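Taking it in order: structure first as structure tokens, then the write-up.
Atom set for the values below is all heavy atoms of this structure, side chains included, hydrogens, waters and symmetry mates excluded. Here is the naming used below: chain letters follow the sequence lines, and residue numbers restart at 1 for every chain. As the structure is a prediction and not an experimental result, all values here were calculated from the model.
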Number of protein chains: 2
Amino acid sequence: MPKRVDHDERRTEIAEALLRVAGRRGLHAVGMRDVAAEAGVSLRLVQYYFETKEKLLLHGLRQLTERFGERVAAQVRAAGDHPGPRTVIEALLMASLPLDEESRVFHLVYTSYAVLSVTDRALAEQPFIRDPEAAEERLTALLGLAEEAGLTRPGVDARIEAVGLLALSAGLGTSILVGQRSARTAADVLDRHLDRIFRDRGGSSLAERIAQ
Amino acid sequence: MPKRVDHDERRTEIAEALLRVAGRRGLHAVGMRDVAAEAGVSLRLVQYYFETKEKLLLHGLRQLTERFGERVAAQVRAAGDHPGPRTVIEALLMASLPLDEESRVFHLVYTSYAVLSVTDRALAEQPFIRDPEAAEERLTALLGLAEEAGLTRPGVDARIEAVGLLALSAGLGTSILVGQRSARTAADVLDRHLDRIFRDRGGSSLAERIAQ
DNA sequence: ATTTTGATGATACAGCCGTACCAACTTCGT
DNA sequence: ACGAAGTTGGTACGGCTGTATCATCAAAAT
């Protein structure tokens, strides 16, 4: 048989090119030809690995969320060996903020997809709308743990707090993305919010940890 | 001179048609021909009143924010004659949530514009990015008033709270938009958050006020 | 009444898009 | 060595887009 090329790897490379272009010029502006040029291959090849543009977009979305999930996991892992619930939650939320270029691209492209999904049925049925659900479950569990350990202030409802924290960090994320807020301000706000959930301030503040 | 047609009125009608189509099929999918058909006029007329598509889009954005501002103002006015700061803030934030069709369209189109503005310089320089600033000022002032009146809990920083509240309601808004949360859940979260800022629960809760 | 100017319509054009087609090349099995 | 199958490139097609052109009509001014 012919050249031994790892199809999955090739697909990953091309999808990566798609995400790069989308991050640079906006998802709405990427064409098949742009992706091909960015990946350094011919237009035909892009068609070969993803028969249609829609499939390419869907694959790109999947790849985007996967990579982001890994990134967040790594950042949480870096938070320490036996971190308290607040530390883990802080790491989780901060990792979701578009503070560096990679994360900025993620937010931009992900939000583009989310907007498209409102008017595109095929996109709306995609599981990427279910990823936040998983995050909610995890956050709720973490808050429940903290509650049992007596770390939270009285009257804290884990699920409601989880939803609020996710919405807050999502809102802060987009406001950073559009250049409305600085990373510093966002960290301050997040810090204050966590102060109202937890009894004790965990270690150093988020704001201090940002060199901005 | 020729037929006395109010140009501004005409422009408003056409821009309204643009927003309707954008709300139905997504901003990325609207073409000049779609707008013309929706407005019941010829393509040429759309070109006549807005020479270029970019100008049409910018006018549509301005119109969108204006209409939304009026809507919010009306909803706040409906909150009562001498409402307390919390009531006003609640009305403000709830009016920003996409609970009915009109507001849903606003959120969708506005978010579309925001996403585009990240990669489009002309859009980024548009003042619609400054509207949230005005909202922040107003919220900060309201919270400051509440603080002076002794209505808030100790340790409340008006500006940080304002930023947090806006980010929270923006995040809740988009999560409602993509069908991830119900209006009820969003109201609950907002309620809880306000409970942590204010000493007393204002009148009835937001959640109770929603028939959902 | 005629000219002038604003308002409207039909149609054409150039460019880009996603996709399809066809030819060529590479590498493996026999 | 030969052919088959996987892989790649060049190019063309149909459709849609925003914009421009040309012509027509209506109404006010002289």
Touch class at under 4.0 angstrom, heavy-atom based, for B/Tyr49 against every strand present: sugar-phosphate
Contact check, side chains of B/Ile176 and B/Leu99, non-hydrogen atoms, under 4.5 Å: yes
Salt-bridge present (A/Asp191, A/Arg86; N to O < 4.0 Å): yes
Distance, rounded to the nearest Å, where B/Arg25 contributes CZ and D/dC16 contributes C1': 13 Å
Length of the CD-P vector between A/Glu9 and D/dT7, whole Å: 13 Å
Derivation of the salt bridge (charged side-chain N to carboxylate O under 4.0 Å, His left out) call for B/Asp188 and B/Arg184: CA-CA 6 Å; B/Asp188 276 341; B/Arg184 173 61 194 262; 3.5 Å; yes
Rounded distance in Å - OH (A/Tyr48) to P (C/dC25): 18 Å
For atom CZ of B/Arg11 and atom P of C/dG6, their distance in whole Å: 14 Å
Nucleotide-resolved protein contact map, nucleotides 17-23 of chain C, B/S/- at heavy-atom distance under 4.0 Å: -BBBBB-
Check ion pair A/Arg192-A/Asp195 (N to O, under 4.0 angstrom): no
Nearest-Å distance for atom pair CG/P, residues A/Leu45 and D/dG10: 12 Å
Inter- and intrachain pairs under salt bridge (Lys or Arg N to Asp or Glu O under 4.0 Å), touching residues 103-121 of chain A, at least two apart: A/Glu101-A/Arg104
Side-chain N,O (A/His7) to OP1/OP2 (D/dG6) below 4.0 Å: no
Name of the residue among A/Leu108, A/Val115, A/Leu116 meeting side-chain contact (heavy atoms from CB on, under 4.5 Å) with A/Ser112: A/Leu108
